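These figures come from a predicted structure and were not determined experimentally. When reading the values below, keep in mind they use all heavy atoms of this one structure, side chains included, and skip hydrogens, waters and symmetry mates.
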Amino acid sequence: MSRADTDMVRIARRVLEEEGFEPDAPQMEPIGDRDPAEGARDLRDLPWSSIDNEESRDLDQVEWAEQLPNGDIRILLGIADVAAYVERGSVVDRHAETNTCTLYTGVKSFHMLPKALSTQRTSLLEGQERLAMVTEMVVREDGTLDDDKTLVYPARVVNRAKLIYEIVGGWLEGAEVGEPSPVFAKQLRLHDEATKRLRARRQENGALELETIEARTVAKDGRVVSLEVMHKNRARDLIEDMMIAANGATARFLETRGYSSIRRVVHAPDRWPRICDIAREHGTELPAEPDVKALGKFVAAQRRVLDKERFADLSLTIVKLLGAGEYVLQRASDPDTGHFGLAVEDYMHSTAPNRRYPDLITQRILKAAALKQTAPYTDAELGDLAKHCTDRENSARKVERTMRKFAAASILSKRIGEEFKAIVTGVKAGAAYARLIRPPAEGKIVKTDRPLDVGDRIFVRLLAVDLDKGHVDLECLP
């Protein structure tokens, strides 16, 4: 067993500290005399359920729905009320503001909040009474939301069933994985129908239905044992669609009530010409200027004709070329910047306050709006926080990339000289990077006889790995 294997948790802590993160969350603080349930409605009798990974303990959301007489579907989405227990300016809040997110390193998760909060007191665990911020939405038959009926308010809830992505996804897709109880079978069908409507509407507007292959490090006792590929399924799509709808609904809820907020935006891509080149290689001519509807049609057409592996490669290429999102101050009177990839004008992050600080900021503003209180942040504070959260998110991505490199080096250390299929994922300052198809590990191309660009499919030879630095060196083959 190598030293790099046995010390992966130590390496993770070092990488976090080098990027300015605090690895250890403080202890949970007492809440004092204030009432965390101020203004909360009693919705404990509703059959709430959640869908998540089997191992997850920091459950952010629960759902409930009902069919209305006119065919509309009313959805209640409960989000863990972290703001009820984390007071602004407290020790816990200052740590959360420093890191701004939970950091996932493959060998260990470094939580934004104390585990006593994120996996216990605020987590919407099955069978436990909890506080939630509820977003109430009405989905019309054409997939639009009736914004006049959107409400946000604190509530008491009880999660009646923690459901698992793979099982729910299999059941919705017709696999023999066991029938949920009648109550939750009915609920899941309603959730599925509502999110089908939402997705269809987004697709009409040009939303990009991409499907990238996500590599997850599998570790045992601090030692990397494999890299697993995570695939999307219908249950993951369902939750994703519901979160996107809620993030848009809450953005408009605050805007119509005159509250400033932090929006999540993705601008039109600077590398649109390269996206046009990729489309041209597939027989499609895109407009000269960024056009999400045209790109959405191209992506949808390729989903129908490409096999899963090639569509995943195309998706990865487009994601890389679109570029990263950012957080920005949004005053109620400001024009909407929007999210290019989702093809929506109003979008914020509000659904994961246990693990993302922008969502906790948003939750505090939502609670103030719901209870008709003064806004908890000034515009200047929101502007500074938006920039800080964007900077920290970029650093968090760097941490995760670095740790995936250490994992890849560990997995590939005994395969020097082997050849692999790969796809180019990045080109900058004369350097090129590629992800192997199997295993889904990334490395740097240190030897090539031709220019490369994002999206190129190539063959590479593994030249060397450095277990102490997490480097994987590749040669691009002719």
Side-chain angles (χ1 to χ4, degrees), residues 8-9 12-13 16 21-29 31 36 44 47-64 77-86 92-93 95-96 99-134 155-169 180 184 188 214 216-222 225 228 230 233 235-236 238-240 242-243 246 349-360 363 396 399-400 403:
M8 283 292 282
V9 174
R13 295 181 67 88
L16 260 66
F21 292 104
E22 297 175 353
D24 300 312
Q27 296 296 312
M28 181 176 169
E29 299 168 286
I31 61 173
R44 290 174 292 179
W48 299 95
S49 63
S50 63
I51 309 177
D52 218 308
N53 296 312
E54 186 168 9
E55 68 274 13
S56 294
R57 296 289 296 171
D58 51 345
L59 307 185
D60 284 307
Q61 82 280 332
V62 288
E63 305 85 36
W64 175 81
L77 177 67
I79 300 299
D81 190 351
V82 176
Y85 297 96
V86 180
V92 169
D93 183 60
H95 172 81
N99 284 7
T100 76
C101 60
T102 291
L103 295 141
Y104 301 98
T105 68
V107 292
K108 179 180 172 62
S109 294
F110 294 85
H111 293 273
M112 181 183 80
L113 301 176
K115 290 183 72 174
L117 271 174
S118 62
T119 66
Q120 290 295 325
R121 182 65 268 173
T122 67
S123 180
L124 302 174
L125 300 170
E126 184 176 9
Q128 302 296 313
E129 179 181 332
R130 291 290 185 262
L131 295 175
M133 283 296 292
V134 172
R156 289 186 172 90
V157 301
V158 177
N159 183 359
R160 302 295 177 182
K162 181 195 173 187
L163 307 174
I164 309 304
Y165 279 128
E166 286 70 26
I167 295 174
V168 173
F184 294 111
L188 288 172
E214 294 186 33
R216 182 172 71 94
T217 303
V218 179
K220 184 177 181 181
D221 300 326
V225 294
E228 274 186 2
M230 292 179 61
N233 66 20
R236 291 184 186 276
L238 183 157
I239 293 298
E240 178 182 299
M242 203 174 291
M243 299 305 112
H349 277 168
S350 65
T351 57
N354 263 325
R355 51 191 173 85
R356 281 193 312 232
Y357 195 65
D359 303 54
L360 176 53
Q363 189 171 80
V399 166
E400 292 176 9
M403 290 309 299

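- Between P26 and P114, the shortest heavy-atom contact is O-CG, 3.0 Å.
- If you take CD1 on I51 and CG on L59, they are separated by 12.0 Å, rounding to the nearest 0.5 Å.
- The side-chain heavy atoms of R13 and L16, taken from C-beta on, include no pair separated by under 4.5 Å.
- Residues Q363 and A83 approach most closely at OE1-N, 2.9 Å, considering heavy atoms.
- Annotation: side chain of M8 is not in contact with side chain of K108 (no heavy-atom distance under 4.5 Å).
- Paired with L117 under the rule side chain to side chain contact (heavy atoms under 4.5 Å, CB included), one option of V82, V86, D58 passes, and it is V86.
- Once rounded to the nearest 0.5 Å, the distance linking CZ of R160 with OG of S49 reads 11.5 Å.
- Across L124 and A80, no two heavy atoms sit closer than the pair CD1-N, 3.7 Å.
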D24/H95 under side chain to side chain contact (heavy atoms under 4.5 Å, CB included): CA gap, chis, key distance, verdict: CA-CA 9 Å; D24 300 312; H95 172 81; 6.0 Å; no

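- Side-chain contact between L163 and L188: present, with at least one pair of heavy atoms (C-beta onward) separated by less than 4.5 Å.
- For the residue pair A246 and S350, the shortest heavy atom distance occurs at O-OG, 4.3 Å.
- Atoms CG and OH, on D52 and Y165 in that order, are 5.0 Å from each other to the nearest 0.5 Å.
- The CG atom of L360 lies 13.0 Å from the CD1 atom of I79; values are rounded to the nearest 0.5 Å.
- Panel note: side chain S109, backbone Y104; no donor-acceptor pair is recorded below 3.5 Å.
- A distance-only check finds a donor-acceptor pair linking the side chain of K162 to the backbone of E54 [under 3.5 Å].
- Remark: the backbone N or O of A235 is paired with a side-chain donor or acceptor of N233 at under 3.5 angstrom.
- The shortest side-chain heavy-atom distance between Y357 and D93 falls under the 4.5 Å cut-off.
- Between N354 atom CG and T102 atom OG1 the span is 7.5 Å, to the nearest 0.5 Å.
- Separating the CG atom in L113 from the OG atom in S123 is a distance of 11.0 Å, to the nearest 0.5 Å.
- Across all their heavy atoms, L125 and R57 have their closest contact at CD2-O, 3.5 Å.
- A salt bridge is absent between D81 and R130: the closest approach of a Lys/Arg side-chain nitrogen to an acidic carboxylate oxygen does not fall below 4.0 angstrom.
- Using a 4.5 Å heavy-atom cutoff, the side chains of M243 and Q61 are in contact.
- Between D60 and T351, the closest side-chain pair of non-hydrogen atoms is not below 4.5 Å.
- For the residue pair P23 and F110, the shortest heavy atom distance occurs at O-CD2, 3.3 Å.
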Residues K115, M28; criterion side chain to side chain contact (heavy atoms under 4.5 Å, CB included); working and verdict: CA-CA 8 Å; K115 290 183 72 174; M28 181 176 169; over 6 Å; no

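- With a 4.5 Å cut-off on side-chain heavy atoms, L131 and P36 count as touching.
- Two residues are said to be in side-chain contact when any heavy atoms from C-beta on lie closer than 4.5 Å; V158 and W48 fail this criterion.
- Remark: N159 engages S50 in a side-chain hydrogen bond (donor to acceptor under 3.5 Å, both in side chains) (not counting sequence neighbours).
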Side chain to side chain contact (heavy atoms under 4.5 Å, CB included) evaluation trace for E166 with R236: CA-CA 8 Å; E166 286 70 26; R236 291 184 186 276; 2.9 Å; yes

